[in-house]
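What you see is a predicted model, and the numbers here were worked out from it, not measured in a lab. All values below come from the heavy atoms of this structure, side chains included, with hydrogens, waters and symmetry mates left out.
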Amino acid sequence: MADVIAKGEVEKVRERTARPWLSPLNQRRWQNFKANRRGYWSLWIFLVLFVLSLFAEFIANDKPIVASYKGEILFPVLVDYPEEKFGGFLAVTDYRDPIISEEIEANGWLVWPPIRYSYRTVNNDIPESAPAKPSWLYDAETRCGRYFDGAADPACTVGNWNWLGTDDQARDVLARIIYGFRISVLFGLVLTLASAVIGVSAGAVQGYFGGWTDLIFQRVIEIWSSIPVLYLILIIAAVLPPGFFILLGIMLLFSWVAFVGVVRAEFLRARNFEYVNAARALGVSNGTIMFRHLLPNAMVATLTFLPFILNGSITTLTSLDFLGFGLPPGSASLGELLRQGQRNLNAPWLGITGFLTLSIMLSLLIFIGEAVRDAFDPRKTFK
């Protein structure tokens, strides 16, 4: 009995002395971040939208999520089944084909995504020439006029509506918005993180060693920064074949410079602090001092900078797509949608949809950046 009591007391002591998940300093920072209600809710809204876009294939796709055919469970959204499996002869199955869908439903069932279009799916059943208005602006007879049985046709369902209309190639705008949002955010995140790694490393080396190292690096960065970035990107993008990683590499050549100045200033300020001199006297290596002792302090300024760099990366990608030097033709792109809106003034839903999507995305990132800045503000953190 005494042993059980002793073990219980030991467990209670361990619970009281266990290190919290966040240090007291980071807890105060998190509370300051939450105190900015606009930034806090913007973070949750942005995360929800981004996570949903990661599963875009399950939200907007021209393939069923799951199907049952002659007792076999199929996952068309994950596996490309040949059409001969359903009695056809093509290498790729078109599940929107009435003959194929009727064959599957006669021998099983289909579960479609909420939106039955992918970003590249051409809708041949729109009631007028592309770009077509949003489906809810038509009456039932007009909306289903191209279907075999008109308004009574089972294919004329809500899932086949074009809620935001179609572009000038009869592709669903809502599906392209979902996929375009994902591409824009992923591109911005990868570019921002890669730029941060390179820029923080360069700034740390400059600020820590100083002297000729700092002087030479600074002159090189000044020359590199004086290059007209947008024009050079346009030239390189026009020469090289378009692609996600090619465009990422081109923009990475210049985007890392934005982090150097902030990190360099922090390292110049802190490299002669007492704890740094003490670490040197104890024989600690320069790399350990830089990245274990100095870098955490320099990252405070870097973290407050990240949302704004992400914002700029997305804006640059959108600008290049608008000018026709961005992602490959046919890719889901917000800039390409804005360009279609500029070319088709008779279809205002294109420009309005692209503008609102981009404005909401960038506004959320700006609000998050303001909240992060408040969270790391020393006047609020240490009061």
Side-chain angles (χ1 to χ4, degrees), residues 49 52-53 56-57 59-63 94 96 112-148 150-151 153 155-185 187-188 234 237 242 247 314-364:
L49 294 176
L52 288 176
S53 70
E57 286 79 8
I59 299 174
N61 209 328
D62 54 6
K63 301 176 182 178
D94 181 9
R96 293 180 54 82
W112 285 93
I115 303 170
R116 300 187 184 183
Y117 302 98
S118 181
Y119 67 92
R120 60 181 179 271
T121 306
V122 176
N123 183 8
N124 296 317
D125 299 318
I126 53 178
E128 60 183 8
S129 60
K133 295 184 294 186
S135 297
W136 48 272
L137 292 177
Y138 298 103
D139 57 70
E141 292 298 328
T142 305
R143 183 169 55 243
C144 303
R146 299 287 295 273
Y147 290 90
F148 185 75
D153 196 294
C156 188
T157 61
V158 174
N160 278 322
W161 284 19
N162 301 116
W163 290 94
L164 297 177
T166 67
D167 62 6
D168 56 9
Q169 299 183 40
R171 298 171 300 190
D172 185 68
V173 172
L174 181 55
R176 293 185 65 80
I177 285 291
I178 296 172
Y179 283 87
F181 182 91
R182 180 174 67 179
I183 290 178
S184 298
V185 176
F187 184 90
L234 291 177
L247 190 61
I314 294 174
T315 305
T316 304
L317 175 63
T318 305
S319 303
L320 291 174
D321 287 333
F322 180 81
L323 296 173
F325 294 96
L327 296 172
S331 301
S333 166
L334 299 179
E336 192 261 349
L337 183 62
L338 290 173
R339 184 174 58 176
Q340 287 201 29
Q342 182 256 339
R343 292 180 175 180
N344 299 277
L345 298 179
N346 60 324
W349 56 88
L350 296 176
I352 292 174
T353 302
F355 170 76
L356 290 178
T357 303
L358 191 63
S359 298
I360 292 172
M361 183 197 310
L362 298 182
S363 297
L364 291 175

A.B. asks: Is Ser333 reaching over with its side chain to a backbone N or O of Glu336, donor-acceptor style, under 3.5 angstrom?
C.D. replies: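 Yes; judged by distance alone, with no hydrogens or angles, the pair exists.
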A.B. asks: Could you tell me whether the side chain of Asn344 and the main chain of Ala347 form a donor-acceptor pair under 3.5 Å?
C.D. replies: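 Pair absent, no side-chain N/O of Asn344 close to backbone of Ala347.
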A.B. asks: Return the set of residues passing side chain to side chain donor-acceptor pair (under 3.5 Å) with Gln342 (not counting sequence neighbours), or none when no residue passes.
C.D. replies: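 Counting only residues at least two positions away or on another chain, Gln342 forms no side chain to side chain donor-acceptor pair (under 3.5 Å).
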A.B. asks: Please round to the nearest 0.5 Å and tell me the distance separating atom NZ of Lys63 and atom CG of Asp94.
C.D. replies: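 Between atom NZ of Lys63 and atom CG of Asp94 there are 10.0 Å.
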A.B. asks: To the nearest 0.5 Å, tell me how far Leu334 CG sits from Leu356 CG.
C.D. replies: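 It comes to 11.5 Å.
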A.B. asks: OG1 of Thr318 to CG of Leu362: how many Å apart, nearest 0.5 Å?
C.D. replies: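 Between atom OG1 of Thr318 and atom CG of Leu362 there are 7.0 Å.
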A.B. asks: To the nearest 0.5 Å, what is the distance between OG (Ser184) and CD1 (Ile177)?
C.D. replies: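 Ser184 OG to Ile177 CD1: 9.0 Å, rounded to 0.5 Å.
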A.B. asks: Do Trp349 and Leu164 touch side chain to side chain, with heavy atoms closer than 4.5 Å?
C.D. replies: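 No; the side chains remain at least 4.5 Å from each other.
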A.B. asks: How long is the straight-line distance from CZ of Arg96 back to CG of Asn124, given to the nearest 0.5 Å?
C.D. replies: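 Those atoms lie 8.5 Å apart.
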A.B. asks: Check whether any side-chain heavy atom of Asp168 lies under 4.5 Å from a side-chain heavy atom of Arg343, and answer yes or no.
C.D. replies: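 Side chain of Asp168 against side chain of Arg343, heavy atoms only: no contact under 4.5 Å found.
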A.B. asks: Minimum heavy-atom separation for Leu345 and Gly341, please, with both atom names.
C.D. replies: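 Closest approach of Leu345 to Gly341, heavy atoms only: CD2-O, 3.6 Å.
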A.B. asks: Is any side-chain N of the basic residue among Arg143 and Glu128 closer than 4.0 Å to the acidic one's carboxylate O?
C.D. replies: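 So Arg143 does not pair with Glu128 through a salt bridge.
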A.B. asks: Of Thr121, Asn123, Thr157, which meets side chain to side chain contact (heavy atoms under 4.5 Å, CB included) against Arg116?
C.D. replies: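 For Arg116, the side chain to side chain contact (heavy atoms under 4.5 Å, CB included) check succeeds only for Thr157.
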A.B. asks: Any chance the side chains of Asn160 and Asp125 put a donor and an acceptor closer than 3.5 Å?
C.D. replies: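 Absent: no donor and acceptor within the cut-off.
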A.B. asks: Testing the basics here: between Leu327 and Ala332, what is the closest heavy-atom pair and its distance to 0.1 Å?
C.D. replies: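 Looks like CD1-O, 4.4 Å.
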A.B. asks: Measuring from Asp321:CG to Leu338:CG, what's the distance to the nearest 0.5 Å?
C.D. replies: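 Reported value, rounded in 0.5 Å steps: 9.5 Å.
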A.B. asks: Using the side chain to side chain contact (heavy atoms under 4.5 Å, CB included) rule, pick out the option among Val173, Asn162, Thr166 that qualifies with Tyr117.
C.D. replies: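 Testing Tyr117 for a side chain to side chain contact (heavy atoms under 4.5 Å, CB included) against Val173, Asn162, Thr166 leaves exactly one candidate, Asn162.
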A.B. asks: Say whether, by atom type as modelled, one donor and one acceptor occur between the side chain of Arg171 and the main chain of Val122 under 3.5 angstrom.
C.D. replies: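 Checking the backbone N and O of Val122 against the side chain of Arg171, no donor-acceptor pair under 3.5 Å is found.
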A.B. asks: Are side-chain N/O atoms of Asp139 and Thr142 paired as donor and acceptor at under 3.5 Å?
C.D. replies: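 Yes, because at least one side-chain N or O of Asp139 sits under 3.5 Å from a partner of the opposite role on Thr142.
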A.B. asks: So, for Trp163 and Pro134, which heavy atoms are closest and what is the spacing to 0.1 Å?
C.D. replies: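 Shortest heavy-atom separation between Trp163 and Pro134 comes out as O-CB, 3.3 Å.
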A.B. asks: If only atom types and distance count, is the side chain of Ser319 paired as donor or acceptor with the main-chain N or O of Thr315 below 3.5 Å?
C.D. replies: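 Side chain of Ser319 to backbone of Thr315, a donor-acceptor pair under 3.5 Å: yes, one is there.
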A.B. asks: Is there a donor-acceptor pair closer than 3.5 Å between any side-chain N or O of Arg176 and the backbone N or O of Tyr119?
C.D. replies: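 At least one qualifying donor-acceptor pair exists.
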A.B. asks: Please name the residue in the list Ile183, Ile178, Val185 that meets the side chain to side chain contact (heavy atoms under 4.5 Å, CB included) test with Phe181.
C.D. replies: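 That would be Val185.
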A.B. asks: Give the minimum heavy-atom separation between Leu350 and Asp167, together with the two atoms involved.
C.D. replies: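 Looking at all heavy atoms of both residues, the closest pair is CD2-CA, 3.8 Å.
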A.B. asks: Under the rule for ring-ring contact (aromatic ring centres under 6.0 Å, His included), what residues qualify as partners of Trp136, not counting sequence neighbours?
C.D. replies: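 By the ring-ring contact (aromatic ring centres under 6.0 Å, His included) rule, Trp136 matches no residue at all.
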A.B. asks: Specify the closest pair of heavy atoms between Ala56 and Tyr179, including all atoms of both residues, with the distance to one decimal.
C.D. replies: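 Closest pair (atom of Ala56, atom of Tyr179, distance): O-OH, 3.5 Å.
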A.B. asks: Do Pro113 and Asn61 come close enough that some side-chain heavy atom pair is under 4.5 Å?
C.D. replies: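 They are in contact (side-chain heavy atoms under 4.5 Å apart), so the answer is yes.
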